[in-house]
Protein chains: 2
Amino acid sequence: MRDNPRLQPPGGEELLAWLRHYRLPWLSGDLVAGLVTAIMIIPQSMAYAMLAGLPVQIGLYASLLPLLGYALFGTSMSMSVGPVAVTALMTAALLAPLATVGSEQYYQLAIWLALMSGVLLFVLGLLRMGFLANFLSHPVISGFISGASILIVLSQLPHLLGLSEWPSSPAQLLTAWQPVNTLVLTMGLLALAWLLYARSRLAGHLQRLGISAGAARLLARLAPILVVLIGLLVTIAWDLGARGVPVVGSLPAGLPALVWSTPDVVTLQALLLPAALISLVSFVESVSIAQSLARRKRQSINPDRELLALGAANAGSALTGGFAVCGGFSRSGVNVEAGANTPLAGVISAVVIGLILLTIAPLFAWLPLVMLAVVILVAVAPLIDLASLQRAWRYDRREGLTLICTAAGVVLLGIEGGIVLGVGLSVVTQLWRGSRPHVAVVGRVPGTHYFRNTQRHLVETEPQLLAMRIDENIFFANTKAIERAILRALRDYPDTRELLLILSAVNHIDSTGLDMLCELSLGLRERDIQVHLAEVKGPVMDQLEQTDWIQEQVSEIFPSTHIAFNTLSGLKRPTDEAAASAQG
Amino acid sequence: MRDNPRLQPPGGEELLAWLRHYRLPWLSGDLVAGLVTAIMIIPQSMAYAMLAGLPVQIGLYASLLPLLGYALFGTSMSMSVGPVAVTALMTAALLAPLATVGSEQYYQLAIWLALMSGVLLFVLGLLRMGFLANFLSHPVISGFISGASILIVLSQLPHLLGLSEWPSSPAQLLTAWQPVNTLVLTMGLLALAWLLYARSRLAGHLQRLGISAGAARLLARLAPILVVLIGLLVTIAWDLGARGVPVVGSLPAGLPALVWSTPDVVTLQALLLPAALISLVSFVESVSIAQSLARRKRQSINPDRELLALGAANAGSALTGGFAVCGGFSRSGVNVEAGANTPLAGVISAVVIGLILLTIAPLFAWLPLVMLAVVILVAVAPLIDLASLQRAWRYDRREGLTLICTAAGVVLLGIEGGIVLGVGLSVVTQLWRGSRPHVAVVGRVPGTHYFRNTQRHLVETEPQLLAMRIDENIFFANTKAIERAILRALRDYPDTRELLLILSAVNHIDSTGLDMLCELSLGLRERDIQVHLAEVKGPVMDQLEQTDWIQEQVSEIFPSTHIAFNTLSGLKRPTDEAAASAQG
């Protein structure tokens, strides 16, 4: 297995390593994958353009240069980049306040949004700022995707009913209902049934017909193209467009022309936050897809290079009049299953889509919108991720709550509100957790070198020695709690003369924590209690070394609790009274 | 010492414990302290009222009921509550956008601000929310106080020049300059020189005159009253008010009348954030003063009861037409030095101030404003805390930077901006620190049970066993960094068959961290590397126990690194190849 060249990552850090070291055996896989993925991408791209509030051909335009841009810089060998549901929704939601959906200005803004995102991603890549994405926790990402998916499903339901927008009331829906709506709904439900069947059963049934497992899975994933073809045939045959079924309408032949307007500074400023949000989400989603694909093939990816690649992809999309793109989960899945070995597969997909634009694209004008809506519904509904919610909830209620609040925030407050709420909650949760530290009085497990919590284990302690393990970094949010815990323990063990603080789990002490320790030690010295430390970590010791606290107020620092216990439990320090009476 | 009843805290959790258990020997100290503190408070209170943009008598009104309110609920035996510089500045800064300084509406808003702060503090006390103050780190508090002090000093400089406001340009200052300005400046500089002398040298010189150290210190702290008295005498003798020296002006005799207007809902909403900020700052400042006083006398305070007491104090201030109050550092210092044993001293101060209001208060009408400005300058300048900045900077650059940014934020962006900036920075610093975890490859110190970083110590390792200690909680901001560190170590030790993760310093793993560990273990299993854990803390184990990761992907969990090392280094697991060749 390990010597199979097809499974080896084609290169290291150099650009286009896959091309420089290209091997002929990879070609057949790349060719097939490029063709199959292109066929799968076509209905999806048009559907996501519709979701973004743009003419459907824009989805095809956004499927050309991004694949080449990613091939130039990307480090994933099998990810496929293009229009995806979440960034399409974000484009629509973020541009709606700035221009009327469907207007020429709206379209120009969508292009500029893609260009700004591209530049931003590229610059972040040059600055190696990929780590920024780490500040989105999994519950926030999962909540965001679920919330966005709910919004997408809601936005597509009117198309399923043959309406142009949500009816304002059930009564209005009844008055507006016409035979053509019933026709559209029937077509939609049939397509839905077919796609759901294709997702769950088709592969199994094809296998029973003697088709290999891999090919069967691949054919099942191409089911949407059948929906598009049959939809087209039916509409053309019975001229449904003229009878009131909403169809795509005019669709120009040929490759996109580069017609750009120059927006004013105010517009650019208004696009800055949307571009930042789209960049963040694109990056997080693409990298997590690229990582899971790389892991399967024992390859690895480079997040900073991915930023460059996504930047180039988005800038490329803008250049050909496309909208924001990112790595797609289902399209990448098809790409892998069809045997893609390198980004050449993506380049071939781009060529295929280009050929289609040059030839049969005008035919798509007859495509009923309901078919695209159904493609979206089936692609997006599984993204409403209840399993993640259940897992997060079971592991930690607070994280489950963060997930729910993020999703609810996206649905009720919008894209920005949801992300800000989620990040805020995950930061507060983290601080809150750190503010409730576990502080344990420990004793020796009899006959060993081990020390354990007196409340969880049967251990030996010494009356004049109180050993406490602080199980948290000491920082502003928990200094009071740690001080209280120590003072409480001193009340419970009133004979204490030596306080041993075990810092094995303390990885950092901030200045607020240091101030607390100073004042605590001062107070204890007045009560004739000495403070000792054990198991101070290297980096913590480096920082403490120069402080007055260590130099003046801490008696001894022991390398291990065991040595500290042996030394301090044998210690017979004269008390004030004993010293006084000895003098008297 | 320990049996001296005067040094014993007068009671526990019950209300008015100090009164129920009052002992006669305490009375003389309380009487003297009450009287001395009242004399010291009078000029300060009037000065801080001026700072707050209010008539000077309001400062005296705010020195009556707050002392009684605090005596009722407070747990500090020696803190003195009343107008202080920082809350006076906050009152002025937060109300300036809402009403014209000096107008009747402004005064009413100041009263309502005190009342809302009082109610808020009281409610927080009932809900035991004292822990909220922990989220202000020491650099933020110190930066805030320094920034506020700079603002206060800047606000008082025009008074020192006999101007009503800052001159708009040096040229304007020259044209406005008159003989009376020179007179005011001279009076101010003389008073300033006297107060600075009193602060640094007076106590020593008095001691040389045969006065006891304690009495000398106390007399030196009463120096401001001499400034007020001489200022009054000089002004009355030469009728300086009529010659253009700005004086206090009319000042009504008698106790405050309770004249309240009812504000509208919009105004109340506008006051909500200011009230919350004043409550937060009052609480943090008062509690830190109360704690440092209690520590000196080996007493203790209860933060939740302090919230109730401050709430009652502020509500009391509002009832008598006063503004927001809190525990003051210098007034409490005088109180302690004058021998206060219980809050009775505060009650006596209130009585003394009430008597002064009923008798000689109208005389203060002749007091030059410059005297009050000098009292403020000398009280506030030492609060610009460069020593804290130096300490924080030396301990940790980032904390020093947080302090500077908070102070600069207060000066440049205002009170709210400064606090928000400071809290934001300290949270980001904390997250950023956690996002760069220390992860060490460890080995056994020869002949011992101890394990240390291979890069810091000479230790023994085993080729097929990689033991890594993770020195940080595993959470969303650092999962990628930890994963990278582990994968890098596996590259450096390519013969690794057993990966031992030592979790002695991991106090929490969040769901993002758990997901990372799961995926990492899956990937390693494919590379035929087993994952083991050692020294998992009780609370972490409780949470992990139910997860698929522990149950399916972790091989063994060892109580100590020593046992893990002994077990795993002896382990001879057949490799895939060996197993294959054995089968072949």
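Within every chain, numbering begins at 1; the chains are lettered A, B, ... in the order of the sequence lines, protein sequences first and strands thereafter.
- For chain A, the nearby parts of B:Y395 are the backbone and the side chain; heavy atoms of each come within less than 4.5 Å.
- For B:N134, the side chain to side chain contact (heavy atoms under 4.5 Å, CB included) partners two or more places apart in sequence, or in a different chain, are A:K480, B:F131.
- Proximity to chain A (any heavy atom under 4.5 Å) is shown, for B:P559, by both the backbone and the side chain.
- For B:N478, no part sits under 4.5 Å from any heavy atom of chain A, backbone or side chain.
- Residue contact with chain A, scored on non-hydrogen atoms closer than 4.5 Å, involves the side chain of B:S435 exclusively.
- For A:Q551, the CD atom counts as densely surrounded, since its 6.0 Å shell holds more than 12 non-hydrogen atoms of other residues, nucleotides or ligands.
- The minimum heavy-atom distance between B:S511 and A:P139, with the atom names listed, is OG-CG, 3.4 Å.
- No side-chain donor from either of B:N473 and A:Q430 sits under 3.5 Å from a side-chain acceptor of the other.
- If you measure heavy-atom distances from B:R394 to chain A, you find no contacts under 4.5 Å at all.
- With rounding to the nearest 0.5 angstrom, the OG atom of B:S560 is 11.0 Å from the NE2 atom of A:H449.
- When heavy atoms are compared at a cutoff of 4.5 Å, B:Q546 does not approach chain A at all.
- Ion pair B:D510/A:R398 not flagged as a salt bridge, since none of the NZ, NE, NH1 or NH2 atoms sits closer than 4.0 Å to an Asp/Glu carboxylate oxygen.
- Listed by sequence position, B:L514, B:D515, B:E519 are the residues of residues 513-525 of chain B in contact with chain A, using a 4.5 angstrom heavy-atom cutoff.
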Checklist entry - Checking side-chain contact (heavy atoms from CB on, under 4.5 Å) for the pair B:H438/A:H508: CA distance, chi angles, key distance, verdict? => result CA-CA 10 Å; B:H438 181 247; A:H508 183 260; over 6 Å; no
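- Smallest separation of non-hydrogen atoms from A:T512 and B:E399: N-OE1, 4.4 Å.
- Residue B:E545 does not touch chain A at all, counting heavy-atom pairs closer than 4.5 Å.
- The part of B:T547 that comes within reach of chain A is its side chain, from C-beta onward, which places non-hydrogen atoms under 4.5 angstrom from that chain.
- For the atom pair A:Q543 CD and B:D396 CG, the distance stands at 5.0 Å (nearest 0.5 Å).
- The two residues A:F476 and B:F135 come nearest to each other via the heavy atoms CE1-O, 3.6 Å.
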